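Reviewing the structure listed below.
Proteins come first, then strands; the chains are lettered A, B, ... in the order of their sequence lines, and each starts at number 1. No experiment lies behind these values; they were computed from the predicted model shown. Heavy-atom basis, side chains included; hydrogens, waters and symmetry copies ignored.
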2 protein chains.
Amino acid sequence: MVGIAEVARAAGVSTATVSRALSGRGQVSDAARAKVQAAVDALGYVMSASASSLASGRTRNIGVLVPLLDKWFYATVLSGIADVLSRHGYDIALYNLTDDPAQRAGVFDTSLRRSRIDGLITLTVELSDPERDGILALGMPVVAVGAPNHGIPALTVDDRAVAHAATSHLIALGHREIAHIGSGRAGGEVPARRREGYEQALHQAGIAPRAELFAHADFTIEAGHAAALELLRRTDRPTALFAASDEMAFGALFAARELALDVPGDVSVVGVDGHGMSGFFGLTTVDQFPQAQGERAAHAVLAALGLEAPAGAPELPFELVLRTSTAPPA
Amino acid sequence: MVGIAEVARAAGVSTATVSRALSGRGQVSDAARAKVQAAVDALGYVMSASASSLASGRTRNIGVLVPLLDKWFYATVLSGIADVLSRHGYDIALYNLTDDPAQRAGVFDTSLRRSRIDGLITLTVELSDPERDGILALGMPVVAVGAPNHGIPALTVDDRAVAHAATSHLIALGHREIAHIGSGRAGGEVPARRREGYEQALHQAGIAPRAELFAHADFTIEAGHAAALELLRRTDRPTALFAASDEMAFGALFAARELALDVPGDVSVVGVDGHGMSGFFGLTTVDQFPQAQGERAAHAVLAALGLEAPAGAPELPFELVLRTSTAPPA
DNA sequence: TTGAAAGCGCTAACAA
DNA sequence: TTGTTAGCGCTTTCAA
């Protein structure tokens, strides 16, 4: 393996100059820089990450904490993060959190504390208080996307406004019996806010939210399906369904089909996310541009590390996308 | 940050003994081991990854090369990998390959060569020859899942057999006009083999494959949709469709619905993958257990690193799952 | 702008 | 079984 000493020799300079030329820190003459670059290219030199990290304290590596890697939303945000970081020469350390306490402990107590990363991005994870404290104690920039775990700076969409937009759309179409599939406080901040936005929109339209029109689901397509079946089988069937995620909305669409209900003839459905398949389902949804959220998060850590100018507000955009799953009630 | 010296002092032993006690290499008395562990717990010591790597040459980090992070299949395999590695105290370095030559060059020429990882897993990526050579030159264990890039040991399902199973199922139902959505040589090894398996099954049934019944698609739902539209609009419409991936099959199902064709009444559809949503679509598919593929790949690198006993054959299982999208032709 | 040299925190001979 | 110590390959003072 060719090291910095060999490069220095080939370039006719000291190792210190090679280091400075390659890192961009400190002054190096153009002549020296050129010689170093030539030697690097000729020898195919690549700096050892561990040696550099040990000496400098910088790792050029960002940790990403993800729950449920195989869910479209997280995978898409991750893809946005990877794009930006890769373009800046940063590597990604991926930490997939499961429900297994031992596995989580390993991540929080060991992996994250090995000094392997310069910063951390957490994707909508509900953290326990000790977990959150552990993260803050890492002493490195942390950016949360989605969930505002108290104390961790978060990039969030205004989930109340998202739900409000979806619900208002249904109200504007003339619906009064609007059910909601999601979760309350138990599911964490995000679902809770979406439910609030839903209820707020109803209130503003002079409609009292009815407990029977709320169905709990854990954001999977299966749970959305089950919840929708229950709601749509009621004798006083709602004319519209607002699901707190597109995958749950997909489940609802399948449920409607099973019950031989026409969408949007018999029931309108709205989701949240902008899932890649929502177009095919004709699903009206509130797109929250997850790929862009990942990109924003990556830029935010880079900014916190002083590598980029800080970006603007932490508020993320969203947009109601109208498709064929919503229409006025029959 | 508490270091090994502080632990040694607290435990009343030398740093060498601490190192041995924690790494499990070399002989350490039970008494010493206990004292070290107590000191570690008391001080909350976690070893510095860079210092340890620099001195030992081991990183406790495995690289994973992924194309298209936001596709269900890759995300699911990745999830399986993460599960196993995390359980073994290994971290993951995630490298997302894009089509951008500069980005790819950065990954192959720099990121992978920084001595940041002990081993590498590549997920069905079509690598250029120099890229593949670069990987082999890394001098570390490499495991490919899916694509048998020449020279890299691969865990693969028998893609010919997979396609053969899907096609034979349609033939057994009585279909003769069976179209295929996938790609030929151009798309890489995997699609090519699936097409071979498809044609082989036809031949064995005495059916001559017809060029008009092959439609190219790039494994996205959009492309599957477009390909199916084209096939299903033919006057001599095929009675069955074999799509080389579930997502393309989903596209085909949407296409059938748009054309007011009944599935399976007017046309049968089979996919490949065992996608999480295939059950909801009622899609008959050949499940290839992607999560388990990831787990197998992780075990394979660990075995190559001498941390586990080598597992069995590199052949991965698959299974035809019958659902409601296939039936005898009308 | 450059170079010499002292670490960064750990591991692994080697000697005891 | 343990301790001493020389690196591992860089970065960063400090002095020139």
Would you say A:Gln291 and A:Thr76 are linked by a side-chain donor-acceptor pair, where the criterion is simply a distance under 3.5 Å?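 Not at all, the side chains of A:Thr76 and A:Gln291 share no donor-acceptor pair under 3.5 Å.
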
Examine the side chains of B:Arg114 and B:Ser111 and answer whether a donor and an acceptor come within less than 3.5 Å of each other. yes

Counting only side-chain N and O atoms of [X], is one of them less than 4.0 Å from OP1 or OP2 of [N]?
X	N	value
A:Ser14	C:dG3	yes
B:Ser29	D:dT2	yes
A:Thr17	C:dG3	yes

What's the closest nucleotide to the [X] side chain, out of [options]?
X	options	value
B:Ala16	D:dT11, D:dG3, C:dC10	D:dG3
B:Thr15	C:dT11, D:dC10, C:dT2	C:dT11
A:Arg20	C:dG3, C:dT1, C:dT11	C:dG3
B:Ser56	C:dA12, C:dG9, D:dC10	C:dA12
A:Ser19	C:dT1, D:dT12, C:dG9	D:dT12
B:Arg25	D:dT11, C:dA12, C:dG9	C:dA12

Would you mind classifying the nucleic acid contact of [X] as base, sugar-phosphate or nothing, using non-hydrogen atoms under 4.0 angstrom?
X	answer
A:Arg58	sugar-phosphate
A:Ala5	nothing
A:Val28	sugar-phosphate
B:Val13	sugar-phosphate

Rounded to whole Å, how long is the line connecting atom [atom1] of [X] with atom [atom2] of [N]?
X	N	atom1	atom2	answer
B:Met47	C:dG9	CE	C1'	10 Å
B:Gln27	C:dA16	CD	C1'	17 Å
B:Tyr45	C:dG9	OH	C1'	7 Å
B:Arg114	D:dG9	CZ	P	18 Å
B:Lys35	D:dG3	NZ	P	8 Å
A:Leu54	D:dC10	CG	C1'	8 Å
B:Asp30	D:dT1	CG	P	9 Å
A:Arg116	C:dC10	CZ	P	14 Å

Is it true that atom CG of B:Asp41 has more than 12 heavy atoms of other residues, nucleotides or ligands lying nearer than 6.0 Å?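 Yes - once you tally the heavy atoms of other residues, nucleotides and ligands closer than 6.0 Å, there are more than 12.
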
Do A:Asp100 and B:Arg87 make a side-chain contact, defined as non-hydrogen atoms from C-beta onward lying under 4.5 Å apart?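 Sidechains of B:Arg87 and A:Asp100: in contact.
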
pair A:Val66-A:Leu97: side-chain heavy atoms closer than 4.5 Å: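 With C-beta onward as the side chain, the pair stays apart.
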
Assess whether side chain to side chain contact (heavy atoms under 4.5 Å, CB included) is satisfied between A:Lys71 and A:Thr220, documenting all intermediate values. CA-CA 9 Å; A:Lys71 295 215 62 176; A:Thr220 61; 4.3 Å; yes

